[in-house]
There are 2 protein chains.
Amino acid sequence: MPDKESSKVLVVDDDPQIARALRINLSARGYEVVTAHDGTAALKAVAETRPDVVVLDLGLPDLDGVEVIEGLRGWTQVPIIVLSARDDSTDKVQALDAGADDYVTKPFGMDELLARLRAAVRRSGLSVADADAQVETASFTIDLAAKKVRRDGAEVHLTKTEWRLMELLVRNRGRLVTQKQLLHEVWGPTYDTESHYLRVYVAQLRRKLEPEPSRPRHLLTEPGMGYRFEP
Amino acid sequence: MPDKESSKVLVVDDDPQIARALRINLSARGYEVVTAHDGTAALKAVAETRPDVVVLDLGLPDLDGVEVIEGLRGWTQVPIIVLSARDDSTDKVQALDAGADDYVTKPFGMDELLARLRAAVRRSGLSVADADAQVETASFTIDLAAKKVRRDGAEVHLTKTEWRLMELLVRNRGRLVTQKQLLHEVWGPTYDTESHYLRVYVAQLRRKLEPEPSRPRHLLTEPGMGYRFEP
DNA sequence: TTGCCGCGTCAAGGAGCCGTCAGGCGCGGT
DNA sequence: ACCGCGCCTGACGGCTCCTTGACGCGGCAA
């Protein structure tokens, strides 16, 4: 397991008592913690802060828990661990089938939650295989773990948006990534058709990384569909 | 979601009562079930039968549960769901940190177990998901996930419309696809009779992919009905 | 045989998409 | 308050790809 810089956790709970307890415990374990107190804020927070895992309490004031899960699963595979006071079997089935990864019944042991959190993060981590977090092309090198790009030995600085876009393309290297998918994962689920953003940022990446930006060899356009990164 | 043939489950339990109950329930849900009664047999069974998910009861006669998990995690990422009569927090933490995906305490509801099973399979499914979306013919190969077509090793570029049409035919390989269906799925539900579009694009696909475009071997015409893709 | 219909082929036009540049705006740091 | 960086937005030119029409061929029925 590579040294993982602290994972970011989104805690969704309307009970400030529990939210506070979780924040303290998780922070103490080295997690970066973001909180939301209702479903709407949760959906927004995921789009904006991109947590590595979501801890979701059921019984929120505004939305049903299943609705929140469905809202997230429409565009992201971030692991979701559900907390609930109800030990009812049908609740569990509904939440899990909606796309939750795990379901923990209150009262729960903090040890157990932490273990389940580790399991969820571990799983999602290895599915994208940080095995080769280092990707090389003829003209530049990308280190996914360190979030660094080097070209001719010198380091190239990428902005936050540039990096998100680049990372998504690199993690799907060789595969075509659709415009919609890129927009959703980089700008958020409400962006469907703003393909102009993509053109601008792909152009910037090409200018920074391609030997001949006007004749790209690695960041390829598939007209009408999306983009593709070829190592 | 592509047609999923039944998943294979390995049930590891030394209590024949429970093993039998699980076998019956899982079989009834369309799972293919394999059983093992101790840890040694479990390790062997995973290597031999390659299940899609493992349901592992703790408290086996020969090996400690954590040892079984570690033995598996040394070489495979198959999802592991642990069953246990012990609700002890440290047991859960140990199992999860050893690499288990989930931990269910007995007595458990069969509904819940099935839901957790579905969640585990779904997760592992989407990471390698379309990995095997590779279709081969005598003269070219199609990668549905990457949206790539190769012919004699060289990559052939398909446009958006060409690809939509090709994908639809490939996903229905061996079957006849009617003109109306093709028009609806590629051009939209308002297109019913514009079969001219089909003729133009099928011709383009044949020119790009068939060894003898005038004598097609894979993209076949069914006069008056539609088209068929034969691998 | 002759006419008709469906299919395959080719090429031209035009719509829509893409790349590029420049300017404005917000935000954080000095 | 000022400055600079990064993000968003608009305009415009170029190019790809979709559409569309014309034509030849072959099968089938009258």
Side-chain angles (χ1 to χ4, degrees), chain A residues 47-50 147 149 155-169 176-180 182-183 185-188 190-229, chain B residues 147 149 156-169 176-180 182-188 190-229:
Chain A
E48 282 171 4
T49 67
R50 303 316 172 100
K147 291 206 194 315
V149 181
E155 187 172 327
V156 179
H157 173 70
L158 297 188
T159 69
K160 196 162 103 189
T161 307
E162 285 165 2
W163 177 261
R164 276 204 197 146
L165 183 58
M166 192 69 200
E167 181 176 20
L168 194 54
L169 288 169
L176 179 125
V177 189
T178 65
Q179 299 181 357
K180 192 143 91 171
L182 290 167
L183 286 167
E185 305 242 356
V186 176
W187 279 271
T190 60
Y191 292 75
D192 277 314
T193 57
E194 289 79 351
S195 58
H196 190 58
Y197 293 7
L198 292 176
R199 288 198 281 280
V200 172
Y201 276 90
V202 169
Q204 270 169 10
L205 286 174
R206 292 210 259 243
R207 193 142 24 84
K208 289 186 176 180
L209 300 176
E210 292 273 6
E212 278 182 284
S214 57
R215 317 196 60 189
R217 296 172 51 196
H218 305 106
L219 293 164
L220 310 177
T221 304
E222 299 280 352
M225 297 194 279
Y227 292 86
R228 180 200 303 276
F229 171 74
Chain B
K147 287 194 168 43
V149 181
V156 179
H157 181 254
L158 297 188
T159 70
K160 180 170 133 195
T161 307
E162 285 165 1
W163 179 261
R164 281 222 206 109
L165 184 57
M166 191 70 199
E167 183 175 17
L168 194 54
L169 289 170
L176 166 76
V177 188
T178 66
Q179 298 184 355
K180 192 141 99 173
L182 290 167
L183 286 167
H184 280 185
E185 302 254 349
V186 176
W187 279 272
T190 60
Y191 292 76
D192 277 314
T193 57
E194 289 80 350
S195 58
H196 188 59
Y197 292 6
L198 291 176
R199 290 197 281 281
V200 172
Y201 276 91
V202 170
Q204 268 170 9
L205 286 175
R206 292 210 259 242
R207 189 146 36 78
K208 288 185 175 180
L209 300 177
E210 292 274 6
E212 279 182 284
S214 56
R215 235 172 275 128
R217 296 173 52 196
H218 304 107
L219 293 163
L220 309 177
T221 304
E222 301 278 352
M225 317 250 332
Y227 293 87
R228 175 203 308 276
F229 171 75

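None of the values given here were measured: they were computed from a predicted structure. Chain A is the first sequence line, chain B the second, and so forth, proteins listed ahead of strands; every chain is numbered from 1.
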Out of C:dT20, D:dT19, D:dC18, whichever nucleotide has its closest atom nearest the side chain of A:Ala203: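 Given the options C:dT20, D:dT19, D:dC18, the side chain of A:Ala203 is closest to C:dT20.
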Side chain of B:Ser214 (C-beta onward), nearest among C:dT9, D:dG6, D:dT16: C:dT9
Nearest-nucleotide 5' precedence on DNA chain D, A:Lys208 against A:Glu194: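 Of the two residues, A:Lys208 wins.
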Sugar-phosphate only, base, or nothing, as touched by A:Gln179 at under 4.0 Å among non-hydrogen atoms: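 Since only primed, P, OP1 and OP2 atoms lie under 4.0 Å of A:Gln179, the category is sugar-phosphate.
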Touch class at under 4.0 angstrom, heavy-atom based, for A:Val202 against every strand present: nothing
Would you call [X] and [Y] a side-chain contact if the rule is heavy atoms closer than 4.5 Å?
X: A:Thr193; Y: A:Leu183; answer: no
X: A:Met166; Y: A:Phe229; answer: yes
X: B:Tyr191; Y: B:Leu182; answer: no

Phosphate contact ([N] OP1 or OP2) by [X] side-chain N/O below 4.0 Å:
X: B:Tyr227; N: C:dG8; result: yes
X: B:Arg199; N: C:dC7; result: yes
X: A:Thr221; N: C:dC18; result: no
X: A:Thr159; N: D:dC7; result: yes
X: B:Trp187; N: D:dT19; result: yes
X: A:Tyr197; N: D:dC7; result: no

Atom-pair distance ([atom1] on [X]; [atom2] on [N]), nearest Å:
X: A:Leu182; N: C:dC18; atom1: CG; atom2: C1'; value: 15 Å
X: B:Leu158; N: D:dC18; atom1: CG; atom2: P; value: 10 Å
X: B:Leu165; N: D:dT19; atom1: CG; atom2: C1'; value: 15 Å
X: A:Arg207; N: C:dA22; atom1: CZ; atom2: P; value: 10 Å
X: A:His196; N: C:dC17; atom1: NE2; atom2: P; value: 13 Å
X: B:Glu222; N: C:dC7; atom1: CD; atom2: P; value: 11 Å
X: B:Gln204; N: D:dT16; atom1: CD; atom2: P; value: 15 Å
X: B:Tyr201; N: D:dT16; atom1: OH; atom2: C1'; value: 11 Å

Salt-bridge contact B:Glu212-B:Arg215 (side-chain N to carboxylate O under 4.0 Å):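 Answer for the salt bridge query: yes.
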Gap separating the CH2 atom of A:Trp163 from the NE2 atom of A:His157, nearest 0.5 angstrom: 11.5 Å
